[in-house]
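Computed from a prediction, not measured in an experiment: that's the story for all the values here. Counting starts at 1 for both ligands and their atoms, in listed order.
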Amino acid sequence: MDTIVLLGSTGSIGKQTLEVCKAHNIAVRALCANNNVELLEQQAREFMPEYAVIADDSLFGDLKQRLLDTSVKVLAGEKGLCEVAALPGCKIVNAIVGMAGLVPTLSAIKAGNDVALANKETLVAGGNLVIDAAQRYKVSLIPIDSEHSAIFQCLQGAGENRFSKIILTASGGPFFGKTRAELAAVTKEQALAHPNWDMGNKITIDSATLMNKGLEHIEAVWLFGAKPEEIEIVVQRQSVIHSAVEFLDGAIIAQLGSADMRLPIQYALTYPERLECPAKKFSLAEIGELTFAKPDEETFVCLAAAKKAIARGGNVPCALNCANEASVRLFLEDKIRFLDIGETVSEAIENIKFIEKPTLYDLLDTQKAAEEYVMKRFGYSK
Ligand code: NDP
């Protein structure tokens with residue numbers, strides 16, 4: 001099995017990736033976090049990688065001091081992330097949250113490393129650059145996101161047959177069925193209480209606004225070369241069907257499993273092999289019923305905004321993603337209300353300068369413009 005470099009090792013996906021590594025003795029060459037030095041130190045002592053990277057470079061001295069008695073080399077900043085992402089012959093697991101994952105992903109691809117990608121914001125913001133580079137450097141992008149892993153699994157064995165439709169399932173989040181009036185006063189605690197999945201804070205809020213499904217819609221366009229209109233979003237409340245594909249003859253192939261990210265993470269690490277997995281197995285008879293519904297895009301405007309963004313193309317998905325990241329940050333800091341997120345993102349994509357074929361520098365400028373737009377809208381400086 002490939003040796004892995006794990007970006008975002010201290011997060012929800014990162015920790016579950018390490019459980020899978022432990023279960024199957026997968027070697028870890030580098031571990032990386034943003035600022036959680038304490039957990040990164042613990043992980044480094046347990047897995048003894050060659051490198052530990054702290055993205056916040058003001059914490060370099062702290063981490064170095066903590067690991068002084070070990071053989072682990074300490075690096076810092078985006079430069080450090082890019083350096084380990086380019087280590088030869090490794091599979092890079094990108095479990096960073098947010099667009100901060102884009103540059104390290106590009107670095108991995110340019111070094112010829114396959115990437116197991118949880119970090120959906122990378123594809124949303126820079127899908128054109130990432131897919132172009134992956135094709136040029138002949139590397140594989142293996143999805144970790146459960147829906148995209150499901151689609152990827154459904155396509156195994158399809159041969160030359162292209163899907164006619166991708167059916168992207170959604171849990172509907174904690175506020176399924178609520179009206180805008182009911183959403184006006186929801187609290188951060190309510191938004192963080194996802195019914196089926198235990199995840200990091202940012203993606204949990206994205207699930208509550210349905211922006212997560214919007215980001216996944218864009219992610220599917222890039223990963224599977226789908227046209228936006230070939231993707232249908234269906235609410236599957238029990239989170240048992242993780243997604244499906246339809247073929248020309250009308251046959252629908254779906255992937256089912258428990259709501260446990262260790263399964264898609266493990267498949268991305270061991271693909272094409274399937275091994276015993278720590279995730280719980282379940283009986284369909286015990287589940288009893290599976291329900292399906294259409295998402296409500298009038299209430300959950302983030303989903304409509306994401307569809308608009310990918311239809312327009314260029315740097316608009318990047319503007320959407322970055323306005324969302326900034327808005328979610330403010331919501332988590334109790335500075336804006338729940339409905340402000342969707343309203344702000346919908347407005348931001350109309351106001352950021354359009355660039356048809358953005359370079360990396362254009363995307364970084366778009367990120368800055370979107371963040372400034374959001375902060376200004378609520379009267380905050382950066
Ligand atoms: P978490 O917030 O739990 O973890 C994020 C990780 O990224 C942490 O290790 C964090 O370090 C690190 N990080 C944050 N900012 C930076 C930065 N600027 N540079 C480098 N590292 C950084 O997120 P999740 O694990 O929930 O999600 C990770 C990604 O996976 C997201 O894109 C999410 O959408 C996607 N995903 C997550 C799922 C889940 O079940 N959690 C399911 C499907 C997709 P630190 O701890 O030091 O802050």
Identify which of I96, L7, L39, T122 has a heavy atom lying nearest to atom 31 (C) of ligand 1. I96
Angle class for the H148/F224 ring planes (parallel below 30°, perpendicular above 60°, tilted otherwise)? parallel
Go through it in stages, so that I can follow the logic: the residues are Q266 and H24, the test is side-chain hydrogen bond (donor to acceptor under 3.5 Å, both in side chains), and I'd like the CA-CA distance, side-chain angles, deciding distance and then a yes or no. CA-CA 9 Å; Q266 177 170 305; H24 297 295; 2.9 Å; yes
Going by the order shown, which atoms of ligand 1 are within less than 4.0 Å of some heavy atom of I203? 26 (O), 33 (C), 34 (O), 36 (N), 37 (C), 38 (C), 42 (C), 43 (C), 44 (C)
Taking only heavy atoms of G8 into account, list the atoms of ligand 1 that are under 4.0 Å away from them. 6 (C), 7 (O), 9 (O)
Measuring from R180:CZ to E298:CD, what's the distance to the nearest 0.5 Å? 10.0 Å
Between the side chains of E147 and T169, is a donor N or O closer than 3.5 angstrom to an acceptor N or O? no
Run through L123, L215, I218 and flag the one making a side chain to side chain contact (heavy atoms under 4.5 Å, CB included) with P317. I218
I'd like the name of whichever of T204, N34, V53 reaches closest to atom 17 (C) of ligand 1 through any heavy atom. N34
Which atoms from ligand 1 have a heavy atom of N36 less than 4.0 Å away? 46 (O), 47 (O)
Give the C-alpha distance, both sets of side-chain angles, the deciding distance and a yes or no for side-chain hydrogen bond (donor to acceptor under 3.5 Å, both in side chains) between N212 and K120. CA-CA 9 Å; N212 186 46; K120 62 190 87 187; 2.6 Å; yes
State the atoms of ligand 1, each with its element, that fall below the 4.0 Å cut-off from a heavy-atom position in A55. 19 (N), 20 (C)
Considering the heavy atoms of G11, write down every atom of ligand 1 situated less than 4.0 Å from one of them. 1 (P), 3 (O), 4 (O), 8 (C), 9 (O), 25 (O)
Short N/O distance, under 3.5 Å, between Q16 and ligand 1? no
Purely on distance, is any nitrogen or oxygen of S12 under 3.5 Å from one on ligand 1? yes
Would K335 pass as a cation-pi partner of Y380, given that its NZ or CZ must be under 6.0 Å from the six-membered ring centre and within 45 degrees of the axis? yes
If you take the nearest heavy atom of each of S149, G200, A95, which one is closest to atom 28 (C) of ligand 1? A95
Polar contacts were defined as any N/O atom of the residue lying under 3.5 Å from an N/O atom of the ligand; does this apply to A100 and ligand 1? no
Just to be sure I read this right, does ligand 1 sit under 4.0 Å from the backbone of K120, its side chain, both, or neither, counting only heavy atoms? both
Identify, by atom number and element, the atoms of ligand 1 in contact range of N35, meaning under 4.0 Å from any of its heavy atoms. 45 (P), 47 (O), 48 (O)
Per-atom filter on ligand 1: closer than 4.0 angstrom to a heavy atom of N119 are 32 (O)
Does a donor on one side chain sit under 3.5 Å from an acceptor on the other, for Q190 and T187? yes
Residues Q153 and S149: side-chain donor-acceptor under 3.5 angstrom: yes
Do any nitrogen or oxygen atoms of I13 lie less than 3.5 angstrom from nitrogen or oxygen atoms of ligand 1? yes
For E121, is at least one N or O under 3.5 Å away from an N or O on ligand 1? yes
Of all protein heavy atoms, the one nearest atom 35 (C) of ligand 1 is A118 O, 3.1 Å
Could you check whether R274 makes a cation-pi contact with Y267, meaning its NZ or CZ is under 6.0 Å from the centre of the six-membered ring and within 45° of the ring axis? yes
Give the intermediate values and the outcome of side-chain hydrogen bond (donor to acceptor under 3.5 Å, both in side chains) for residues T366 and N315. CA-CA 7 Å; T366 302; N315 65 335; 3.2 Å; yes
Heavy-atom nearest option to atom 5 (C) of ligand 1, drawn from D260, T17, V97: V97
May I ask you to say whether K353 pairs ionically with D362, meaning some side-chain N is under 4.0 Å from a carboxylate O? no
May I ask you to list the atoms of ligand 1 that are less than 4.0 angstrom from any heavy atom of D145? 43 (C), 44 (C)
Identity of the nearest option to atom 10 (C) of ligand 1, non-hydrogen atoms only, from L59, V124, L6, T10: T10
